[in-house]
Amino acid sequence: MRRDKAAPPVRLTVGYSTLPDRISSVRPAPWWNDVDVVVVLQTGGSHSMSAEALLAERDRLEGEGARTAELDSIGVARSRNEVLRMAQTRYVLFCDDDVAVAIDSVQRMVALMSAGGIAVGLGRAEDTNGRLRKNYSRRQEPLTLFNSAKAATYEMVVDVELTRKHGVWFDEEYGAGATNYLGDEYIFIVDALRAGLTAHAIPEVIATHPVESSGSRWGTREDIDARAAVLDRVFGRWSLLGKALFAARHRTRLGGMAGAWRLVRSTPRSRSLRR
């Protein structure tokens with residue numbers, strides 16, 4: 001890994017996570033000059049790019065003002081943690097190679113978070129058809145274990161100073177690229193709350209993301225097992241109750257009674273839960 005370039009003295013870092021075959025999709029936006037841009041490339045999986053092509057892409061990004069890092073891994077939570085480690089500003093917005101950022105809305109979120117001492121802000125996202133990706137709160141409100149499960153990383157702004165101080169990081173057993181391929185954002189928020197930090201939903205549309213995502217695989221055995229693992233991690237000794245409530249609410253999307261029962265009767269498989 002090459003030495004990172006010094007970041008300009010700005011208040012916001014935008015951190016991209018990408019893979020070798022997608023790195024060319026990370027392109028500068030007009031607002032890149034006003035923020036610190038970090039691009040973390042994960043090369044642990046199979047890909048078709050040569051070392052020379054990857055080096056050329058990193059040189060391109062650095063020439064366009066970004067700082068880059070390379071990880072020999074595939075789990076996106078590890079990539080997010082690298083962004084948090086590299087951040088030289090107080091606030092971090094997470095981004096992906098297929099996300100468009102509404103930077104003015106992000107800056108409004110940062111101002112609200114700064115004024116209110118909010119450690120994690122959860123904004124809104126639209127799909128590429130201009131529709132909100134989910135049902136969001138119409139007003140600013142505190143996040144809890146019960147209203148933050150649908151959080152997406154590209155909706156999140158994090159106060160790095162507060163989360164570092166309280167030891168809050170992404171759990172690398174969860175998220176895209178891990179067996180438990182979702183829930184890393186939810187767990188991050190819950191861990192922040194348990195550390196005594198404040199997290200709020202903020203009604204600002206800050207990102208545009210394609211319709212499909214890792215949370216779109218409802219009903220498969222893989223999906224049910226991943227969701228069960230997240231609920232075990234979040235609710236701990238109360239996980240049976242948490243899974244029962246979740247199964248009752250989402251029985252149809254889980255594939256009916258069989259899927260709901262599979263989720264409820266699952267046993268914890270997370271190393272972080274068994275320590």
H47/L19 under side-chain contact (heavy atoms from CB on, under 4.5 Å): CA gap, chis, key distance, verdict: CA-CA 8 Å; H47 59 84; L19 301 172; over 6 Å; no
T198 side, atom OG1; M113 side, atom CE - distance, nearest 0.5 Å: 10.0 Å
Which atom of N180 lies closest to which atom of A229, heavy atoms considered: OD1-CB, 3.4 Å
Going by atom type alone, with no hydrogens or angles, which donor-acceptor pairs under 3.5 Å involve a side-chain atom of residues 242-250 and a protein atom two or more places apart or on another chain?
unit_1, atom_1, unit_2, atom_2, d
K243, NZ, D232, OD1, 3.0
K243, NZ, S266, O, 2.9
K243, NZ, S266, OG, 3.0

Backbone of Y174 reached by a side-chain donor or acceptor of D171 within 3.5 Å: no
From CA spacing to verdict: side-chain contact (heavy atoms from CB on, under 4.5 Å), V101, I206: CA-CA 6 Å; V101 174; I206 64 172; 5.9 Å; no
Side-chain touch Y91/D159, heavy atoms, less than 4.5 angstrom: yes
Check: Q42 side chain, G75 main-chain N or O, donor-acceptor pair, under 3.5 Å: yes
Salt bridge (charged side-chain N to carboxylate O under 4.0 Å, His left out) contacts in which one or both residues fall within residues 194-203, not counting sequence neighbours: none
Set of salt bridge (Lys or Arg N to Asp or Glu O under 4.0 Å) partners for E161, sequence neighbours left out: R90
Pairing residues for A199 by the side chain to side chain contact (heavy atoms under 4.5 Å, CB included) criterion, not counting sequence neighbours: V120, L143, I189, L193
Approximate separation, where rounding is to 0.5 Å, of R60 CZ and S24 OG: 7.0 Å
By side-chain hydrogen bond (donor to acceptor under 3.5 Å, both in side chains) - contacts of K134 (at least two apart): E155
Steps toward ring pair (Phe, Tyr, Trp, His ring centres under 6.0 Å) verdict (F94, F170): CA-CA 12 Å; F94 294 105; F170 285 91; 5.4 Å; yes
Carboxylate-amine/guanidinium contact D184 R78, below 4.0 Å: no
Any pair counted as side chain to side chain donor-acceptor pair (under 3.5 Å), so long as it reaches residues 106-119, sequence neighbours left out: S105-R108, R108-E204
Reported CG-to-CZ distance for the pair D36 and R11, which is rounded to 0.5 angstrom: 13.5 Å
Counterpart residues, salt bridge (Lys or Arg N to Asp or Glu O under 4.0 Å), relative to D127 (two or more places apart): R131
Connected hydrophobic set around I74, excluding itself, where side chains approach under 4.5 Å: none
Modelled atom types, side-chain donor and acceptor of E172 and N81, under 3.5 Å: yes
From I23, V26, L41, V40, residue fulfilling side chain to side chain contact (heavy atoms under 4.5 Å, CB included) relative to Y16: V26
Partners meeting salt bridge (Lys or Arg N to Asp or Glu O under 4.0 Å) with D104 (sequence neighbours left out): none
Positive for side chain to side chain contact (heavy atoms under 4.5 Å, CB included) with T13, one of V35, L93, L84, V38: V38
Which residues share a side chain to side chain contact (heavy atoms under 4.5 Å, CB included) with S137, sequence neighbours left out: R139, E141
Minimum heavy-atom distance between Y154 and A207, given as atom pair plus value: O-CB, 3.7 Å
L122 versus M109, closest heavy-atom pair with distance: N-CE, 3.9 Å
ILVMFWY cluster membership beyond L132 - transitive side-chain contacts under 4.5 angstrom: Y136, V205
Nearest-0.5 Å distance, NE2 of residue H200 to OG of residue S148: 12.0 Å
Atom pair CE/CG of M49 and D21 - distance to nearest 0.5 Å: 7.0 Å
Listed partners of R124 passing salt bridge (Lys or Arg N to Asp or Glu O under 4.0 Å), at least two apart: none
Nearest atoms (heavy-atom pairs only) where G121 meets I118: N-CG2, 4.3 Å
Sidechain N-carboxylate O distance under 4.0 Å for D223, R253: no
